[in-house]
Amino acid sequence: MVRRCISENGTRTVLLIICSISYLLVGAAVFSALEYEDDQKRRLQIQRLFKRFQAKYNITKQDFAEWAEVQRYQRGMDSTVEQWSFAGSVYFATTVITTIGYGHTVPRTNRGKMFCILYATIGIPLAITALQSIGERFNALVRYSYRIFMRRLGKKREISTNSMAAVGLVGLAITVCFGAAIFSYYEHWNYFESLYYCFVTLTTIGFGDMVALQDSVEERFGTFYISLSMIFIFIGLTIASSFLNLLVLRMMEIRNKTSKPKERLLPGAPENCENCQTESLNDTTQVTDVDYVSDLLRHFEDEITFTTYRTMYSRKRASI
């Protein structure tokens, strides 16, 4: 049984690695096809621009690099939120613990870099756990609301994982679209650029090519907008985390359905797979897909972190 378990897990892992690498290579090929030609044009344009500056002002490459550094730093100086004021530091700390990491603000001193390492080491797991927990509570609220709604219609039905994922996707889409409208108004970006910024932010990609609160000293960058930006990040990340949790649940459901249905881990079984014990379910026990999904949702924290092994139908539940 242990060998079969290792064999099944190993096969699945190999397939996932192959799929991930294939997806990576296909994406790289598409991005290269879309961006390479334009990048070459920009490189030629920069080279011509440098030669023109050099001929006109008789400057060296070193002078040009220093001027470019001044221009890059000037961008941060022109913003209402100074980089290392308290408000700017709150914004920076948010991008650190949420792993967004725009790159618009970075610690320059060694003591700042050391503290950033220590701060991120503790803050990132804390933020991920908190967002995951809030996302699970959001899913539970949706499930409860659906149950109440169906009861009023005189029906007893549980919402499926696919329906929950659809709700999460719609919620994420609404959040991104609403946030895009806000940033389009305050940042004077076009709507597509704002949409792109919101998606990159909420997925924690954080390229840094577009960053809010950086490009102007106008009054529209007041306390209200700064607070609104922070609220958007945390609420948006919560909804995104909820949606991603549902995708993980769906994959777990598929994984468990492909395994032998009459085996499960016994309570208190150690994490070492070699010592895992199994027992057969009662032949009279019938479990529906909805019951199984609901059970996964209730025990999501244990399932996703693999910190404990519990019976699939235990009433006890770990809480964060």
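- Connectivity analysis of hydrophobic side chains (ILVMFWY, heavy atoms under 4.5 Å, direct or indirect) links Ile174 to Val170.
- Contacts classified as side-chain hydrogen bond (donor to acceptor under 3.5 Å, both in side chains) and involving residues 108-125 (residues at least two apart or in different chains) are not found.
- Within the 3.5 Å criterion, the main-chain N or O of Cys177 finds a donor-acceptor partner in the side chain of Tyr191.
- The side chain to side chain contact (heavy atoms under 4.5 Å, CB included) test applied to Ser194 returns Ala180, Phe183, Ser184, Trp189, not counting sequence neighbours.
- Remark: Phe138 pairs with Val142, Ser242 by the side chain to side chain contact (heavy atoms under 4.5 Å, CB included) rule, at least two apart or across chains.
- The other residues sharing a hydrophobic cluster with Ile124 are Ile128, where clustering joins ILVMFWY side chains under 4.5 Å apart.
- More than 12 heavy-atom neighbours from other residues, nucleotides or ligands sit within 6.0 angstrom of CE on Met150.
- With sequence neighbours excluded, no residue forms a ring-ring contact (aromatic ring centres under 6.0 Å, His included) with Phe234.
- Around the CZ atom of Phe199, the shell of radius 6.0 Å holds no more than 12 heavy atoms that belong to other residues, nucleotides or ligands.
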request  = May I have the step-by-step check of side-chain contact (heavy atoms from CB on, under 4.5 Å) for Val211 and Tyr91, ending in yes or no?
outcome  = CA-CA 11 Å; Val211 182; Tyr91 194 60; 4.1 Å; yes
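- The shortest non-hydrogen separation linking Ile239 to Gly171 is CG2-C, 3.8 Å.
- Within a 6.0 Å radius of OH in Tyr144, no more than 12 heavy atoms belonging to other residues, nucleotides or ligands are found.
- More than 12 heavy atoms of other residues, nucleotides or ligands shown are found within 6.0 angstrom of CD on Gln40.
- Residues forming a ring-ring contact (aromatic ring centres under 6.0 Å, His included) with Trp84 (at least two apart in sequence, or on another chain): Phe92.
- With Ser145 contributing its side chain and Leu141 its backbone, the two residues share a donor-acceptor pair below 3.5 Å.
- For Ser227, the side chain to side chain contact (heavy atoms under 4.5 Å, CB included) partners at least two apart in sequence or on another chain are Thr223.
- Under the rule for a side-chain hydrogen bond (donor to acceptor under 3.5 Å, both in side chains), the partners of Asp38 that lie at least two apart in sequence or sit in another chain are Arg42.
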Kindly list each side-chain donor-acceptor pair under 3.5 angstrom involving residues 21-33, sequence neighbours excluded, with atom names and distances?
| unit_1 | atom_1 | unit_2 | atom_2 | d |
| --- | --- | --- | --- | --- |
| Ser22 | OG | Ile18 | O | 2.8 |

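- Looking at residues two or more places apart in sequence or on another chain, you find no side-chain hydrogen bond (donor to acceptor under 3.5 Å, both in side chains) involving Ser241.
- Applying the side chain to side chain contact (heavy atoms under 4.5 Å, CB included) rule to Arg151 yields the partners Arg147, Ile148; only residues at least two apart in sequence or on another chain are considered.
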